[in-house]
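Before any comments, here is the structure.
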Amino acid sequence: MPGRRRAQIAFSDSAAKQFESLTDEHQIHALDRALVAISVDPDIGDPIPGDVTRPHLRQYADDVERVRVLYFVTALRTVVVVAYIEA
């Protein structure tokens with residue numbers, strides 16, 4: 001039986017600039033692993049309370065890889081990454 005399709009990942013302009021500036025191999029690896037986890041299960045992150053008129057932000061944190069990703073999921077289940085934070 002085929003598995004669920006992974007969510008597509010997109011980046012906000014500010015997140016794209018932030019990712020382009022990454023040069024440390026560990027940071028790139030940690031971010032890749034986090035993005036794979038989020039694409040497999042977009043609801044994996046914890047909701048961040050906020051205004052109901054805006055997209056509901058979520059944060060995914062991995063203490064082992066020391067990474068945190070802020071994102072929201074669109075109605076079509078595209079994950080839009082807002083920011084990457086090295087924990």
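Transitive grouping of hydrophobic side chains (ILVMFWY, heavy atoms separated by less than 4.5 Å) brings Leu35 and Ile44 into a common cluster. Taking hydrophobic clusters as Ile, Leu, Val, Met, Phe, Trp and Tyr residues chained together by side-chain heavy-atom distances below 4.5 Å, Ile9 shares a cluster with Leu22.
Atom-to-atom distance recorded for Arg6:CZ and Arg77:CZ is 13.5 Å, nearest 0.5 angstrom. Annotation: the span from Gln18 atom CD to Phe11 atom CZ amounts to 10.5 Å, rounded to 0.5 Å. Rounding to the nearest 0.5 angstrom, the gap separating the OG1 atom in Thr23 from the CD1 atom in Ile28 is 7.0 Å. Separating the CG atom in Asp62 from the CG atom in Leu31 is a distance of 11.5 Å, to the nearest 0.5 Å. Atom CD1 of Ile48 and atom CD of Gln59 lie 4.5 Å apart (nearest 0.5 Å).
Residue Asp24 qualifies as enclosed at atom CG: its count of foreign heavy atoms under 6.0 Å is above 12.
Of all non-hydrogen atoms in Ala15 and Val81, the two that sit nearest each other are CB-O, 3.4 Å. In terms of heavy atoms, Ser14 sits closest to Val82 at OG-O, 3.9 Å. The shortest non-hydrogen separation linking Val80 to Thr74 is CG2-CG2, 3.9 Å.
Judged as a salt bridge (charged side-chain N to carboxylate O under 4.0 Å, His left out), and not counting sequence neighbours, the contacts of Arg33 are Glu65.
In this structure a side-chain-to-backbone donor-acceptor pair under 3.5 Å is present from Arg58 to Asp43.
The aromatic ring centres of Tyr60 and Tyr71 sit 6.0 Å or more apart.
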